[in-house]
Amino acid sequence: MQEDTTPDKDAIKEAIDKLGPREKWRILKNIAVLGIAFMIHFTAFHGTSNLQSSLHNDGSLGAYTLASIYGSLILSNLFLPVLVISLLGCKWTIVVSFVAYMPYIAAQFYPSFATLIPSGLAVGFGGGPLWCAKCTYLSIIAEAFSISTGRKVKTDYLIVKFFSLFFVFYQLAQVLGNLISFKVLSYGESDPVNGTVELTNVSIASTCGANYAAPIHQEAQATVDLKRPDQQQLNLLTGIFLGCMVAASVSVALFVDPLKRYNLVRNGPASKASGKSTLVITLRQLRKKYQLLLLPIAAFIGVEQAFITADFTKSFVACGLGISYIGYAMISFGLANAVAAAFTPYITKHLGRRLIIPLTALFHTALIVFMLLWEPTDEYYKYSIIVACWGLADGVWLIQINSLSGILFPGNEEAAFSNFRLWEATGSVVMYAISSFLPTFIKLLFVLVVMLIGTTGYCIIELMEHRVKRVDAGKRFEVVSQDPNES
């Protein structure tokens, strides 16, 4: 288990006296402001990122931009969080990290390799400290809330609840970002479904979906023209998203309390560990056999998220319906993801993790097989159903594997989660890198193979755990604590 950081009784009393009876309402205010700020911020980021591979298809600029984001995120997770948080504190780390995302949005006004790639790198370098600061902030104010109630509510329970509340806001970002994107880009189109895609001498069924060829092939480029929306519409959308990020940064700066307020509860990250020592701790975790067995399924989560963001939006939605309908289809992904985050803990409580994960793998396999065989049409609701099913599976994977990483390595959660984010980002980079070279049919098969390998690794862990329990019954994990954080 983690080292106990609970203050002694005198410190608890002192903290209660300092916080006062209304402090819990102030804490809830901080959670609400933080959640809304992340929702507004990632409304802009998701709404922009989902369009990249389709808007910037020439030279695969969109795919390479997304690869640069997740490539720098790998380095960011390894070296930056501890250093940045110890220097700025959690609140101002969040603000500065939000600002690091803004050049990526601004670069959409003048998209090129010279603007998008450097700004994408900035996003990745800001992402590591951002998510670490968010997790630390919520954990510490959960402990403060527990103290303000006289420890009537346990800190562990509050951490799960606070993260759940936070992710309700966060998951809505996919919905809002894609809704704004759809409304702005489809404005003024009398028949956006049939008027946005131009196909020459071939049907949607034979050209789009799993049949979509990599844009590097000249034949594919001559066959499908993903007609760009009007530049004024794109500029308006970019302006709206940039305003969202500014509003998110200002709201955190003005309305979120710094963690210094809760120093009597528990200090924030006091470690002055260097980036090098953080890297050593992360890599040392790879000595553990369970961690090695978890790597493929962590990489799979990055692969499947990259596929749905870059390849599904381009080869299915943009090809079959038009770029303006990407936002419309991806709304379903955000809603389904939120539903999965809300209900997976309760379903797992009744069915158990050992049944939920194989069932999710079976469901996802069936969905991929369907996508391999399906002939796309111009009926847009079908695309929404497909991406909603993918969102349900993605939500389950995120919650279960995040929780499993913490449960398997008590006392080493930070190193375990660092490895999870590291290999998740690696999977995303690989998927974005091959996006320009392989047809969609092959990429779907690649997603399927990585998932089967990852699920096999998980099953081996369960088998090993079953053997351990027969010798040391009751001392190993049974039900994963369902904490959807870090998704």
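All residue numbers refer to positions in the sequence shown, counting from 1. FYI, side chains are in, hydrogens and waters are out, and symmetry mates aren't considered; it's all heavy atoms of this structure. Just so it is clear, the model here is predicted, and its values are computed rather than measured.
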So, for Y383 and F316, is the gap between ring centers shorter than 6.0 Å?
-> no

Counting only N and O atoms by type, is there a donor-acceptor contact under 3.5 Å from the side chain of Q52 to the main-chain atoms of T48?
-> yes

When the aromatic ring centroids of Y432 and Y64 are compared, is their separation below 6.0 Å?
-> no

Heavy-atom donor-acceptor pair, S76 side chain to S72 backbone, under 3.5 Å = no

Can you find a heavy atom in the side chain of L372 that is under 4.5 Å from one in the side chain of L445?
-> yes

Nearest 0.5 Å, what's the CG-CD1 distance between D394 and I301?
-> 7.5 Å

Of the non-hydrogen atoms in A310 and L66, which two are nearest, and what is the gap between them?
-> CB-CD1, 4.2 Å

Go through the steps for Q305 and L398 under the test side-chain contact (heavy atoms from CB on, under 4.5 Å), then give the verdict.
-> CA-CA 10 Å; Q305 290 181 340; L398 281 173; 3.6 Å; yes

Answer yes or no: is there a side-chain heavy-atom contact under 4.5 Å between T365 and L448?
-> yes

What are the two closest heavy atoms between G126 and A100, and how far apart are they?
-> CA-CB, 4.2 Å

Is it the case that more than 12 heavy atoms not belonging to F109 sit under 6.0 Å from its CZ atom?
-> yes

Is any side-chain heavy atom of L138 less than 4.5 Å from a side-chain heavy atom of L34?
-> yes

T93 and L130, any side-chain heavy atoms less than 4.5 Å apart | no

For the residue pair I74 and A425, what are the closest heavy atoms and their distance?
-> CG1-CB, 3.5 Å

Supply the atom-to-atom distance I240 CD1 to T43 OG1, rounded to the nearest 0.5 angstrom.
-> 11.5 Å

All heavy atoms of G391 vs all of N337, minimum pair found to be O-ND2, 2.9 Å

Has the side chain of S181 got a donor or acceptor atom that lies under 3.5 Å from a matching backbone atom of G177?
-> no

Do T238 and I105 pass the side-chain contact (heavy atoms from CB on, under 4.5 Å) test, and can you show the C-alpha distance, the side-chain angles, and the key distance before you say yes or no?
-> CA-CA 6 Å; T238 298; I105 304 299; 4.1 Å; yes

Decide side-chain contact (heavy atoms from CB on, under 4.5 Å) for L292 and L295; before the verdict, give the C-alpha distance in whole Å, the side-chain angles of both, and the deciding distance to 0.1 Å.
-> CA-CA 5 Å; L292 289 174; L295 297 187; 4.0 Å; yes

Under 4.5 Å between any side-chain heavy atoms of Q400 and T360, yes or no?
-> no

Does A107 offer a backbone N or O that forms a donor-acceptor pair with the side chain of S119 under 3.5 Å?
-> no

Identify the heavy atoms of Q233 and V184 that sit nearest to each other, and give their distance.
-> NE2-O, 3.2 Å

Hey, does the side chain of S332 reach the backbone of A388 with a donor-acceptor pair shorter than 3.5 angstrom?
-> no

Heavy-atom distance under 4.5 Å between the side chains of L51 and T313, does that happen here?
-> no

Applying side-chain contact (heavy atoms from CB on, under 4.5 Å), run through H364 and V396 and close with a yes or a no.
-> CA-CA 11 Å; H364 214 151; V396 176; over 6 Å; no

Enter the distance from L185:CG to L234:CG here, rounded to the nearest 0.5 Å.
-> 6.0 Å

Side chains of V430 and V303 in contact at under 4.5 Å (non-hydrogen atoms) = no

How long is the span from the CG atom in L75 to the CG atom in L121, to the nearest 0.5 Å?
-> 9.5 Å

Out of curiosity, L335 CG to L392 CG, how far, rounded to the nearest 0.5 Å?
-> 10.0 Å

Is the centre of the W397 ring less than 6.0 Å from the centre of the F363 ring?
-> no

Can you check whether M431 reaches V447 side chain to side chain, under 4.5 Å on heavy atoms?
-> yes

Intermediate values then yes/no, side-chain hydrogen bond (donor to acceptor under 3.5 Å, both in side chains), T65 and Y104 = CA-CA 9 Å; T65 300; Y104 171 64; over 6 Å; no

For the pair F42 and H46, name the ring-plane relationship: parallel under 30°, tilted 30 to 60°, perpendicular over 60°.
-> tilted

Examine F45 together with F241 and report whether their ring centres are nearer than 6.0 Å.
-> no

Quickly, which of F333, F300, W390, F446 forms a ring-ring contact (aromatic ring centres under 6.0 Å, His included) with F307? Name it, please.
-> W390

Please report the shortest heavy-atom distance between M245 and M102, naming the atom on each side.
-> O-CE, 3.5 Å

Value for CG (L179) from CG (L172), rounded to nearest 0.5 Å, stands at 11.5 Å

